[in-house]
Amino acid sequence: MNIYTESNRNTLPKVLWTFTISLAVSLLGFIAGNFLPPALFLPLMILEVVMLLAAFFVRRRKMLSYGFLYAFTFISGITLYPVVTSYLMTIGAEPVLMSLAATVIIFGGLSLYASTTKRDFSFIGGFLTASLLALIVIGIFNLFSPLSSTATLVYSFIGILVFSGYVIFDVNRIKQYGLSEEDVPLMALNLYLDFVNLFLYILRFFGILSSRD
């Protein structure tokens, strides 16, 4: 799910800095996940979804605070722990590290391009929203009727493309139109969600490839 609001200009460096802090807070949450009992993960996942929905509904009221952002990313880091650990146990550390490295390279490269190009990519917003909804629907369907490995590979690749598009869209919108100071936490949350979802789809993609070896 992706959230967006905008106002004035020249806040991209502050958004990127806040996003970087969010990743650091998420890493702390990931480390904390190692010490939590497994019974707490499901309640925290539910809380994470509730917080995300709350952020979505208040996006136009400019009520998202830095405290909310960092609390969300800390909880998100905790809930990432069992997911990443599962991949570490099934496919090993190398594909997981490759996935993280690929995420950093793709995110960084696309962010650089989106922040320097003169093109306005706001026209892809509708397509990205429709694609995201399709991914969510397929993901829910997959819970009840699991996809084949080939279908999952294609699904993961499409997810990579969609969230790569969101990176370009979000960073480019800040560059083209800017946003107010009070909107910085919300846009940093956008970029955090772009990064994490991109990582998870790349991780799933490498996971399928590794299982075929």
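Residue numbers count from 1 along this sequence.
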**Request:** Decide side-chain contact (heavy atoms from CB on, under 4.5 Å) for Ser122 and Tyr177; before the verdict, give the C-alpha distance in whole Å, the side-chain angles of both, and the deciding distance to 0.1 Å.
**Result:** CA-CA 10 Å; Ser122 58; Tyr177 303 103; 3.9 Å; yes
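- Ile106 places a side-chain heavy atom less than 4.5 Å from the side chain of Ile202.
- Taken together through direct or relayed side-chain contacts under 4.5 Å among Ile, Leu, Val, Met, Phe, Trp and Tyr, Val137 and Leu147 form parts of separate hydrophobic clusters.
- Using modelled atom types, one side-chain atom of Thr73 and one backbone atom of Tyr70 make a donor-acceptor pair closer than 3.5 Å.
- Around the CZ atom of Phe41, the shell of radius 6.0 Å holds more than 12 heavy atoms that belong to other residues, nucleotides or ligands.
- The shortest heavy-atom contact between Leu198 and Ile160 is CD1-O, 3.7 Å.
- Side-chain contact between Met187 and Arg173: absent, with no pair of heavy atoms (C-beta onward) separated by less than 4.5 Å.
- Hydrophobic cluster membership differs between Met89 and Ile91, with clusters built from Ile, Leu, Val, Met, Phe, Trp and Tyr side chains linked at under 4.5 angstrom.
- Using a 4.5 Å heavy-atom threshold, the side chains of Val171 and Leu110 count as separate.
- The environment of Tyr66 atom OH is dense: over 12 non-hydrogen atoms of other residues, nucleotides or ligands sit within 6.0 angstrom.
- The line from CZ of Phe205 to OG of Ser99 is 10.0 Å long, rounded to the nearest 0.5 Å.
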**Prompt:** Does the side-chain contact (heavy atoms from CB on, under 4.5 Å) test come out yes or no for Val162 and Asn197, once each step is laid out?
**Reply:** CA-CA 10 Å; Val162 170; Asn197 281 288; over 6 Å; no
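- Thr116 and Leu112 get closest at one heavy-atom pair: OG1-O, 2.7 Å.
- Judged by distance alone, with hydrogens and angles left aside, the side-chain atoms of Gln176 form a donor-acceptor pair with the main-chain N or O of Arg119 at under 3.5 Å.
- Formation of a donor-acceptor pair under 3.5 Å by the Thr79 side chain with backbone atoms of Ser76 is found in this model.
- Two rings, from Tyr155 and Tyr201, have their centers less than 6.0 Å apart.
- Hydrophobic clustering (ILVMFWY, side-chain heavy atoms < 4.5 Å, transitive): Leu27 and Ile21 are in distinct clusters.
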**Item:** Derivation and outcome, side-chain contact (heavy atoms from CB on, under 4.5 Å), residues Ser26 and Phe74
**Value:** CA-CA 5 Å; Ser26 180; Phe74 183 79; over 6 Å; no
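- Nearest approach of Phe195 to Leu23, heavy atoms of both residues: CD2-CD2, 3.7 Å.
- Formation of a donor-acceptor pair under 3.5 Å by the Asn172 side chain with backbone atoms of Ile168 is not found in this model.
- Using a 4.5 Å heavy-atom cutoff, the side chains of Phe199 and Val104 are not in contact.
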**Asked** Between Leu36 and Leu44, does a side-chain contact (heavy atoms from CB on, under 4.5 Å) hold up when you go through it step by step?
**Response** CA-CA 11 Å; Leu36 293 180; Leu44 286 173; 4.0 Å; yes
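- Here the two rings, on Phe30 and Tyr81, have centers that are under 6.0 Å apart.
- Note that CZ of Phe19 and CG of Leu16 are 8.0 Å apart. Values are rounded to the nearest 0.5 Å.
- Checked by atom type and distance alone, the side chain of Ser65 pairs as donor or acceptor with a backbone atom of Phe68 at under 3.5 Å.
- In this structure, Phe72 and Glu48 approach most closely via the heavy-atom pair CE1-O, 3.4 Å.
- Here the side chains of Ser22 and Leu189 are not in contact, with every heavy-atom distance at 4.5 Å or above.
- Cluster membership check: Ile136 shares its hydrophobic cluster with Leu128, using side-chain heavy-atom separations under 4.5 Å among Ile, Leu, Val, Met, Phe, Trp and Tyr.
- The CD1 atom of Ile158 sits 6.5 Å away from atom CD1 of Ile138, with the distance rounded to the nearest 0.5 Å.
- Leu133 and Val154 fall into different hydrophobic clusters, where Ile, Leu, Val, Met, Phe, Trp and Tyr side chains are chained together by heavy-atom contacts under 4.5 Å.
- In this pair, Phe123 and Phe121 present their aromatic rings parallel. The plane angle is below 30°, not in the 30 to 60° band.
- Between Tyr192 and Gly77, the closest heavy-atom pair is OH-N, 4.1 Å.
- Side chains of Ser210 and Met98 form no contact here, defined as non-hydrogen atoms less than 4.5 Å apart.
- Here the CZ atom belonging to Phe169 is positioned 7.0 Å from the OG1 atom belonging to Thr129, to the nearest 0.5 angstrom.
- Atom CG in Leu161 sits 9.5 Å away from atom OG in Ser131 (nearest 0.5 Å).
- For the residue pair Tyr87 and Gly207, the shortest heavy atom distance occurs at CE2-CA, 4.3 Å.
- Taken to the nearest 0.5 Å, the CD1 atom of Ile78 stands 10.0 Å off from the CG atom of Leu28.
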